[in-house]
Structure formats: structure tokens, C-alpha cells
Amino acid sequence: MAPHGENPAPRASNMNSIAPGWFSEIGPMWPGEARSLKVEKPLFDDQSDFQHVQVFKSETYGKVLVLDGVIQLTERDEFSYQEMISHLPMCSVKDPKRVLVIGGGDGGVLRELSRHSSIERIDMCEIDKMVVEVSKGYFPDVAIGFKDPRVNLVIGDGVKFLQDAEAGIYDVIIVDSSDPVGPAEGLFQRPFYMNLTRALRPGGVACTQAESIWLHLPIIKEVMTICSEIFKGSLGYAWTSVPTYPSGTIGFMLLSTDGPTKVNFKQPVNPIEEIVTGEAAKTRPLKYYNSEVHSAAFVLPQFVKDALQGVIST
Ligand code: SPD
């Protein structure tokens, strides 16, 4: 892992592009706007086999992880996304034992899964080893999830991993991906969703990163329409607030296969308050997620309800 300065070729066109000393998130998925953070210190800058990986210390959000110019997490607000993408599906299933995480190489989802003692094994497939190493080096409070002995980490292509996965073995699958430009593109396409439903047990639940209601409604609708044809159980959309993501919000698609009982995503059947108790609740409390937030996350503004009418089942 090369610290900033050891790589002679400057690739960071997102630094200083709008104002000197500022990082600006300029990208094709949010044309005409760019979130900027004041840079206190560049810490890491390298090109992996898949993407441009950067870490910098910002003035107001702590350390920031950037992939291909797009903010993946900041120390200050990462908990909202990581808690929601993990506990929304985990609390929608009784006694989840076998979990798969696709992507999520920073380890934050693993950190959240480690709160669930019902889990026997967590498989994780992350395409980019550099993301795992950088997270362990610069974000120890996020990468702490890798210390869970139930984790089986595979460095590889998530699309291929799921294609080869045994049918019906997972209770929960979490797809913690970057945006559908670059290495994560295949994680937003029909063949991937077909394998997702195949790998889940009857009544199993998947949760995927599903972009912003303010910026990406057509993409959300397209993907959810595909999924409504593939998943025979329930289909829901939830969202949360993350100040450093484009538009300050990000959503999650919740999917279930047909099972003995219909999954009602809005009503957690495995409430977190019964799971994180005693010392664990005191020493490492949740910062965002609770059962009320869970149910509230599925309440959609009228323009979103109108756009997704007919594809959302719960
Ligand atoms: N637009 C950025 C979306 C990033 C989603 N993935 C974040 C990874 C955090 N574990």
C-alpha cells in the first residue's frame, strides 16, 4: 500500500478542480452538481487493478474513502449507510444464520453483522483487495468487522461468485456496491438478480445499494421493474440520510423470495433491540438504526410513490 507521495503520476483530477485545496465529487451520475470537501491532508492515492483509490483527511468529515472519484464513506457519517444496509435485511428475517456480502470491502457491513449472534457464517466477495487493505490501514473502526471469526473473505468478482453459489443457501444477501459505472456495473443487471434469487433460501431477503430518489428515479424504477419480474416474494424501497453522498440521501432495495410467510419489510420480525443488549449495547451502541427508523425508512415521498407505483409490493 503506497502512501500519498510515493506515486509520482498525479491522477487526482478531483482535487483542486473547483477550488484550490478542495476535493470535488464530479461524476456522470450527478451532472451539474458536485459535493466538495475541504482537504486537510491527502493520505493515499493509487490505481488498483479495478479503480482509482484515494483517502484524504477532510476538515469537517474526518477521513474520506474515494473510489474512481466518488465518496464511499467518511468517518463522520458512514454509520448511517452501514447500519441501514445491514440491519434492514437482517431484522426482516427470523434467526438468520448464513449471510453473503457482495462488495463492502471497507468492512463496515461486517462490523454491523457482527452484532447478530444468530449468524453462523458470513461469506464476503469483494473484487478489490486494495480497498480491503486501505480500509484496514486508514479506517480501523470500520474495518474492525474483518476480525469476526465467522467471516470468510473471497477476493473476486461478485457476479461470478453468485453465479457459482449453491442454490438456496443464504438467509440474507447484502450487496454493498459502488455506483453502476465501473467495476459494480454487473451488480445492477438482470443476470445478477436472477442469481441473487437462486442463492437465497425460500423467504430469504436481499438488500442492495439503490441510489438516490432525487437523482436516480429512472434507474431505480428500471432495476425494481426487473426485480419485480424475478423475485416472487416482496419488494420494497427504503432510504436514509448520508450528508456526503450525492443529494444527501441514498436508498436500498429490499427483495425477498417466495417463502412460507410473506415478508413485511416495514415490520422488523427480528428487532435489533432484542439483539443488541447488555454490555454490547453500552460499549458499541448503534448510532442511527432502531426499529422505528426501520419502519420509517419505507415511507416514501409522493413523487417516489408515483414513480414506483406497481413495482413496490410492501
Ligand atoms: N454514491 C456512492 C455510493 C456508495 C455506496 N457504497 C458505499 C460503501 C460503504 N460500505
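When a ligand or atom number is given, it counts from 1 through the structure's own listing order. Here the structure is a predicted model, which is why all the values come from computation and not from measurement. Heavy atoms only: backbone and side chains are in, while hydrogens, waters and symmetry mates are out.
- Of all atoms in ligand 1, numbered sequentially from 1 with element shown, those under 4.0 Å from a heavy atom of Gln82 are 9 (C), 10 (N).
- Residue-ligand proximity, Ile71 to ligand 1, at heavy-atom distances under 4.0 Å covers atoms 2 (C).
- For atom 5 (C) of ligand 1, the closest non-hydrogen atom of the protein is Ser177 O, 3.1 Å.
- Between Lys282 and Glu279, at least one side-chain nitrogen of the basic residue sits less than 4.0 Å from a carboxylate oxygen of the acidic one, meeting the salt-bridge criterion.
- By the 4.0 Å N-to-carboxylate-O rule, Glu166 lies too far from Arg98 to be salt-bridged with it.
- Protein heavy atom at the shortest distance from atom 3 (C) of ligand 1 is Asp179 OD1, 3.6 Å.
- In this structure, Arg35 forms a cation-pi arrangement with Tyr61, its terminal cationic atom sitting closer than 6.0 Å to the ring centre and no more than 45° off the ring axis.
- Nearest protein heavy-atom contact of atom 7 (C) of ligand 1 is Tyr245 OH, 3.2 Å.
- The Asp106 neighbourhood of ligand 1 comprises atoms 8 (C), 9 (C), 10 (N), with distances under 4.0 Å to a heavy atom of that residue.
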*Report the C-alpha separation of Phe188 and Tyr193 in whole Å, then their side-chain angles, then the decisive distance to 0.1 Å, and conclude whether the side chain to side chain contact (heavy atoms under 4.5 Å, CB included) test is met.*
CA-CA 8 Å; Phe188 291 79; Tyr193 296 118; 4.1 Å; yes

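- Ring centroids of Phe265 and Tyr237 are separated by 6.0 Å or more, keeping the two rings apart.
- Of all the listed residues (Asp176, Leu215, Leu67, Val175), Asp176 holds the heavy atom that lies closest to atom 8 (C) of ligand 1.
- The distance from ligand 1 to the heavy atoms of Gln72 drops below 4.0 Å at these ligand atoms: 4 (C), 5 (C), 6 (N), 7 (C), 8 (C), 9 (C).
- At distances below 3.5 Å, at least one donor-acceptor pair connects side-chain atoms of Asn16 with backbone N or O atoms of Gly21.
- If you look at Val109 next to ligand 1, there are no close heavy atoms at all, none under 4.0 Å.
- Within the listing of ligand 1, atoms 1 (N), 2 (C) sit less than 4.0 angstrom from a heavy atom of Val70.
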*Determine, stepwise, if the pair His52 / Asp45 fulfils side-chain hydrogen bond (donor to acceptor under 3.5 Å, both in side chains).*
CA-CA 7 Å; His52 181 193; Asp45 189 316; 3.0 Å; yes

